[in-house]
**Student:** 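Take this structure first; my questions come after.
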Amino acid sequence: MDKNFFITTPIYYPSGKPHMGHAYSSIIADFFARFKKIDGFDVLFLTGTDEHGLKIQRAAEKEGVKPQTLCDQISETFRDLSKILNLSNNDFIRTTEIRHKKSVQYLWNELVKNDEIYLSKYSGWYSVSDEAFYNEDEIEEVDGKKIAISSKSPVEWIEEESYFFKLSKWEKPLLDYYENNPDFISPGSRKNEVISFVKSGLKDLSVSRKTFSWGIPVPNNQSHVIYVWLDALTNYLSALNYPNTKNDLFKKFWPASLHLIGKDILRFHAVYWPAFLLASKIELPNKVFGHGWILSGEEKMSKSKGNILDPIEIIKEYGLDPLRYYLIKEVSFGNDGNISQERLENCINSDLANNYGNLCQRVTAFTNKNCDGKIPLEIKFQEDDLLILNKYKDNLDKIRSKIDDQNINFYIDYIVNSLFEANKYFNDQEPWKQKGNKIRLNTIVYTTLEIVRKISFLLYPIIPESALKALKIFNIDENDVKLNTISNNEYLTKGNNLNKIDILFKKKDKNND
Ligand code: MSP
C-alpha cells in the first residue's frame, strides 16, 4: 500500500496580512497532515505564498515599494503565521524563488512543445482581485460598476496580445476524467458546479499578460509574463523539484494526495490545473477539496471588503488550540461558517475544559490518591471495561476511511462522544466505592487512563499542543503518538509513575472577563 501523503494548502497572496480565512485553510490541512503522520504515512505538507501578478504589483505601487520588497515583507508574516498556528508543514514555497521560476518556465516550454499554446489577442473582462478572466454572462452591473457575479470583485476590460492555452480541446477529456475518477472533486455539490461549467463549453485560456511586468517572463518572448494562475498552480510541482521527475521527492509524492483549497478557487484547481497537466502529460492529483468560507456576518471575509478577523488577536485572547478546535468542530466541513465568541467560549468551557481537561485531572488525581501515583500493576478487565476499550479498535478502520473522505464532522463527533462516554464510565463505575476491592479499583483506573491516552492520540491532529501536554502524564512524546496503538488496550506500562499534569484549558468565566 502507498504510505505517502502529499497535502497542499493554496499559496496565499501576500497583498495584505493573513486573516482567519487563510488560517482556516492551513489549520485544516495541518489536521490531515498530522492525522496521516500518526497513521504511519510519510507526509509532505506544503504551503507558501503566491507572489506574482497585477494584484501584487498594484498593492506594491500603493505602498510605494518594489513588488519584491512587499512580497519579502508580507510573505514573512505568512511564514510567521504558520509557526503561530503550529503547522507541521515541511516546506514553505515562494513563487519568487528560483526553484519555482525554473519549473514554471520548463512547464511552459513543455506546453509549447506539445502544441498547446498559440499567440493571439485577448479582449475581455478581468478581475485583478481574483486574477481571473470572466465571460460576459459572468458579470453584472451594480451602481454603474461592472463586477464578477461570483466574487463581487470589480472587473476591468482588457485588450492585449496574449498567448492562449488550448483549453477548449480538453473539455471532453476533463469530463471523462471526472466521470472515471468520481472522487477527484469534493465535496459532491461542488463537483456538479464544475461539471456544468465545463459542459457549458470551455474557451481557450489567456495565459500571458503584456501590460505589466511583475511575473515570470515567457521563455523566448520576454515582453510577456506568464499568467499568475499558471505560475501559481505549478508550485505543487516545483516543490518536488520538477522537472526532475526522477528525484525522490517527485517519485514519492506525485501525484498529490489532496489539494485543499477554498471553494472560491475550485475552477482553477479542478479545470485549469488538470488541463495543464493533461497537456503536459503529467499525472493528475488524486483529489481537490473545496472547503467553505469563514464569513464575517453574511459575507466572505476578505481584505478588499475590510471585514477581516485577525487570527493572532483571537489566539492571544483564547489560545491556539481552542481556535483550532473551534474551526474544526464548529465550522461544518465543506460549508461556510463563522466565528462566534459565544460558541468559542462554549467549546473551551464545555468540551475542552469540562470534558477533556477534567477527565484527565480527575483520573490522575484519583490515581495519585489511591494508587500511589502509579499506573496500576494488577488489573483484570471485565465486560464493561472491554466494551468501552474495544470500541477504539473496532472503529479504527472506519475512522481512517472517514478521514480519507475528508469527513471531519464524523471524526470530531466521534471524539466528543468518546469523551462523554469516558466521563460516564468513570462516574458509573464509582471507583471510590471499590476501596475494598483493589483489583477492581485498579482496573477502572487503568481503563480510564488508557482511554485518556487513546482520546489524546485522536485529539493530537486537532489540538497537538494540548494533547501532548496531557500525554506527558505517561511520558509519551510526539514520536510515540501512533494511531494503530489505540487498538492496544494494555499499552500503558503498569507500575510506571504518572507525571504531574498541567492545567490543560482555563475556563472562560464570562463574569470575570
Ligand atoms: N493565490 C491564490 C491561490 C493560489 S493556489 C495555487 C489565492 N490566494 S488568497 O490568498 O486569496 O486565498 C487563498 C485561500 O485562502 C482561499 O482559497 C481559501 O482557501 C482561503 N481563504 C481566503 N479567504 C477565505 C475565507 N474568508 N474563508 C475561508 N477561506 C478563505 O486565492
Side-chain angles (χ1 to χ4, degrees), residues 7-30 32 46-56 59 71 74-75 77-78 81-82 85 92-96 100 103-104 107 127-132 148 150-153 190 215 226-239 256 258-274 276-277 285 288-311 323 326-328 330-339:
I7 181 160
T8 64
T9 71
I11 49 170
Y12 306 106
Y13 289 126
S15 51
K17 65 178 188 165
H19 62 63
M20 190 60 80
H22 305 129
Y24 181 66
S25 285
S26 291
I27 287 173
I28 298 289
D30 188 56
F32 287 116
L46 176 68
T47 186
T49 42
D50 179 2
E51 307 191 2
H52 291 126
L54 193 49
K55 181 179 169 114
I56 303 293
C71 291
I74 304 190
S75 177
T77 66
F78 277 92
L81 183 71
S82 63
L85 299 177
F92 185 101
I93 193 159
R94 298 184 55 189
T95 55
T96 47
H100 175 73
S103 296
V104 173
L107 189 77
S127 156
V128 177
S129 166
D130 305 342
E131 295 284 18
S150 56
S151 64
K152 310 283 175 233
S153 316
R190 305 245 150 80
I226 295 174
Y227 175 40
V228 63
W229 272 100
L230 174 52
D231 167 345
L233 288 160
T234 308
N235 90 88
Y236 304 132
L237 293 174
S238 46
L258 180 61
H259 290 316
L260 185 77
I261 54 163
K263 62 181 180 180
D264 46 333
I265 53 173
L266 193 57
R267 187 181 293 182
F268 302 96
H269 283 80
V271 182
Y272 301 164
W273 181 226
F276 294 149
L277 292 169
V288 173
F289 192 105
H291 65 65
W293 286 334
I294 303 296
L295 305 176
S296 186
E298 293 295 303
E299 280 194 315
K300 183 188 176 217
M301 188 189 312
S302 71
K303 187 183 167 229
S304 50
K305 296 201 177 87
N307 60 2
I308 62 170
L309 262 178
D310 184 346
L323 174 66
Y326 178 91
L327 290 174
I328 288 170
E330 296 288 320
V331 180
S332 165
F333 192 56
N335 299 324
D336 295 345
N338 49 29
I339 308 272

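Atoms within each ligand, like the ligands themselves, are counted from 1 in listed order. Treat the numbers as computed from the prediction; the structure is a model and nothing was measured.
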**Student:** Should Lys263 and Asp336 count as an ion pair when the cut-off is N to O under 4.0 Å?
**Tutor:** yes

**Student:** Could you list which atoms of ligand 1 come closer than 4.0 Å to a heavy atom of Gly292?
**Tutor:** 28 (C)

**Student:** Could you list the atoms of ligand 1 found under 4.0 angstrom from a heavy atom of Ala232?
**Tutor:** 6 (C)

**Student:** Test of understanding: given a 4.0 Å heavy-atom threshold, classify the contact between Met20 and ligand 1 as side chain, backbone, both, or neither.
**Tutor:** neither

**Student:** Write down the atom of Ser15, the atom of Ile74, and the distance for their closest heavy-atom approach.
**Tutor:** C-CD1, 4.0 Å

**Student:** I need the contact type for Ile265 against ligand 1. Using non-hydrogen atoms and a strict under-4.0 Å cut-off, is it side chain, backbone, both or neither?
**Tutor:** side chain

**Student:** Answer yes when Lys55 and Asp130 have at least one side-chain N-carboxylate O distance shorter than 4.0 Å, and no when they do not.
**Tutor:** no

**Student:** Counting from 1, what ligand 1 atoms have a heavy atom of His19 closer than 4.0 Å?
**Tutor:** 22 (C), 23 (N), 24 (C)

**Student:** Using ring pair (Phe, Tyr, Trp, His ring centres under 6.0 Å) as the criterion, point out the one residue from Trp229, Tyr227, Trp273 that pairs with Phe268.
**Tutor:** Trp229

**Student:** Which of the atoms of ligand 1 are close to Ser25, meaning less than 4.0 Å from one of its heavy atoms?
**Tutor:** 18 (C), 19 (O), 20 (C)

**Student:** Work out which heavy atom in Pro10 is nearest to a heavy atom in Ile261; give both atom names and the distance.
**Tutor:** CG-CA, 3.9 Å

**Student:** Do you know the tightest heavy-atom contact between Glu131 and Leu54?
**Tutor:** OE2-N, 3.1 Å

**Student:** Could you tell me, atom by atom, which parts of ligand 1 come under 4.0 Å of a heavy atom of His291?
**Tutor:** 19 (O), 28 (C), 29 (N)

**Student:** Below 4.0 Å from any atom of ligand 1, is there a heavy atom belonging to Glu131?
**Tutor:** no

**Student:** Below 4.0 Å from ligand 1: does a non-hydrogen atom of Phe268 turn up there or not?
**Tutor:** no

**Student:** At under 4.0 Å between heavy atoms, is it the side chain or the backbone of Asp264 that contacts ligand 1, or both, or neither?
**Tutor:** side chain

**Student:** Nearest 0.5 Å please: distance from the NE2 atom of His52 over to the OG1 atom of Thr95.
**Tutor:** 5.0 Å

**Student:** Is there a polar contact between ligand 1 and Tyr13, counting only N or O atoms under 3.5 Å apart?
**Tutor:** yes

**Student:** If hydrogens are left out, which of Gly48, Gly290, Gly21 has an atom nearest to atom 30 (C) of ligand 1, that is, the closest non-hydrogen atom?
**Tutor:** Gly21

**Student:** Answer yes or no: does an N/O atom from His22 fall short of 3.5 Å to an N/O atom of ligand 1?
**Tutor:** yes

**Student:** Which one of Thr8, Ile294, Ile11 has a non-hydrogen atom at the shortest distance from atom 4 (C) of ligand 1?
**Tutor:** Ile11

**Student:** Please state whether the rings of Tyr24 and Phe333 are parallel, tilted or perpendicular, taking 30° and 60° as the class boundaries.
**Tutor:** tilted

**Student:** Would Lys263 count as a contact residue for ligand 1, given that I'm defining contact as a non-hydrogen atom of the residue lying under 4.0 Å from a ligand atom?
**Tutor:** no

**Student:** Under 4.0 Å, heavy atoms only, figure out whether ligand 1 is touched by the backbone of Tyr236, its side chain, both or neither.
**Tutor:** side chain

**Student:** Decide ring pair (Phe, Tyr, Trp, His ring centres under 6.0 Å) for Tyr236 and His259; before the verdict, give the C-alpha distance in whole Å, the side-chain angles of both, and the deciding distance to 0.1 Å.
**Tutor:** CA-CA 9 Å; Tyr236 304 132; His259 290 316; 4.0 Å; yes

**Student:** Considering the heavy atoms of Gly262, write down every atom of ligand 1 situated less than 4.0 Å from one of them.
**Tutor:** 17 (O), 18 (C), 19 (O)

**Student:** Which of the numbered atoms in ligand 1 are under 4.0 angstrom from any heavy atom belonging to Ile261?
**Tutor:** 19 (O)

**Student:** Contact between ligand 1 and Ser15 is defined here as a heavy atom of the residue under 4.0 Å from a ligand atom; is it met?
**Tutor:** no

**Student:** Closest heavy-atom contact between Leu260 and Ser25?
**Tutor:** CD2-O, 3.4 Å

**Student:** State the atoms of ligand 1, each with its element, that fall below the 4.0 Å cut-off from a heavy-atom position in Asp50.
**Tutor:** 1 (N), 2 (C), 4 (C)

**Student:** Measure the shortest side-chain to side-chain distance between Ile339 and Ile294 over non-hydrogen atoms and say whether it is less than 4.5 angstrom.
**Tutor:** yes

**Student:** Applying the side chain to side chain contact (heavy atoms under 4.5 Å, CB included) criterion to Ile11, which one of Asp50, Leu46, Thr47 satisfies it?
**Tutor:** Asp50

